[in-house]
Amino acid sequence: MKVHRLPREFFLQSTLKVSQLLLGKFLIHEYRGQKIGGMIVETEAYIGPEDRASHAFGGKQTPRNLAEYLVGGHVYIYLVYGMHWQLNFSTSFHGRPECVLIRALEPTDGTFVMQRLRRIKDIRNLTSGPGKLCQALKLDKSYYGYDLCQKNSKLYLEDRGVKTPKKQIASGPRIGIDYAGPHWSKKPWRFWIKNNPYISKG
DNA sequence: TGTCCGATATCCT
DNA sequence: GGATATCGGACAT
């Protein structure tokens, strides 16, 4: 199968579907002429104004969460705990706040560059968490609102023909959102590839 | 202008 | 397993 970049239409499917289809796709950043990145192995869905765990709960709009409302295929990135960036991709149509949080990658491209950016050698620890992978791929606020699907994009997703059968996908509650109350924090909207050694610890 | 706190990582025991 | 680093956005004052 030919390698190709994911087009806009990919991100216009339902957010739960996109969250699962992203498993096995490759996130690539062209950084200083080097391709760095890896295969997505863990994601989380945040779905609309009804989702109490979402930053857009109740239809809230602020300068920080505006990118959530963009049409599918844009970057929503923000800082937590004063030091960790969190990478999300918008899904759905313009005006509808839905997104997928990228929680973990299996390093595949430019691993030595990522090791340098993280100042760490252990491959298992390189991109196995949402904050870690942003540091490894050198992603921060400069990519806020970035369009993954634009021509000559420096940040994009690739289908390299890896198949991820439904049987290999596990799901469970999202991480770190207890504040959203039992109903929303229990929803099994976190997805990962079973037995993959690079998923986050949670 | 001030206070509060998080969609985490890391270091310590 | 537990503490805590560190900061900008949100919202109250």
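Around NZ of A:Lys17, the count of heavy atoms belonging to other residues, nucleotides or ligands within 6.0 Å does not exceed 12.
The distance from atom CG of A:Asp178 to atom P of B:dT8 is 10 Å, rounded to the nearest whole Å.
Between the side chains of A:Asn65 and A:Lys60, no donor-acceptor pair is found at a separation under 3.5 Å. Defined by atom type and a distance below 3.5 Å, a donor-acceptor pair is missing between the side-chain atoms of A:Glu68 and A:Asn88.
In this structure, A:Arg103 fails the cation-pi test against A:Phe191, since its NZ or CZ atom is not both closer than 6.0 Å to the six-membered ring centre and inside 45 degrees of the ring normal.
For A:Arg64, counting side-chain heavy atoms from C-beta on, the closest listed nucleotide (B:dT8, C:dT6, C:dG9) is C:dG9. Nearest nucleotide to the side chain of A:Tyr76, out of C:dT6, B:dA7, B:dA9: B:dA7. Of the candidates B:dG6, C:dG9, B:dA7, C:dG9 carries the atom nearest the A:Thr62 side chain, counting heavy atoms from C-beta on. Distances were taken from every side-chain heavy atom of A:Ile175 (C-beta onward) to each of B:dT10, B:dT8, C:dA10; the shortest belongs to B:dT8.
Applying the Watson-Crick and G-U wobble criteria (two distances, each under 3.5 Å), C:dG1 pairs with B:dC12. Summarising the base pairing, C:dT6 is matched to no nucleotide, lacking a Watson-Crick or G-U wobble pair whose two defining distances lie under 3.5 Å.
Residue whose closest nucleotide on DNA chain B sits further toward the 5' end, between A:Ile120 and A:Leu79: A:Leu79.
Side-chain atoms of A:Tyr78 and base atoms of B:dA7 include a donor and an acceptor less than 3.5 Å apart.
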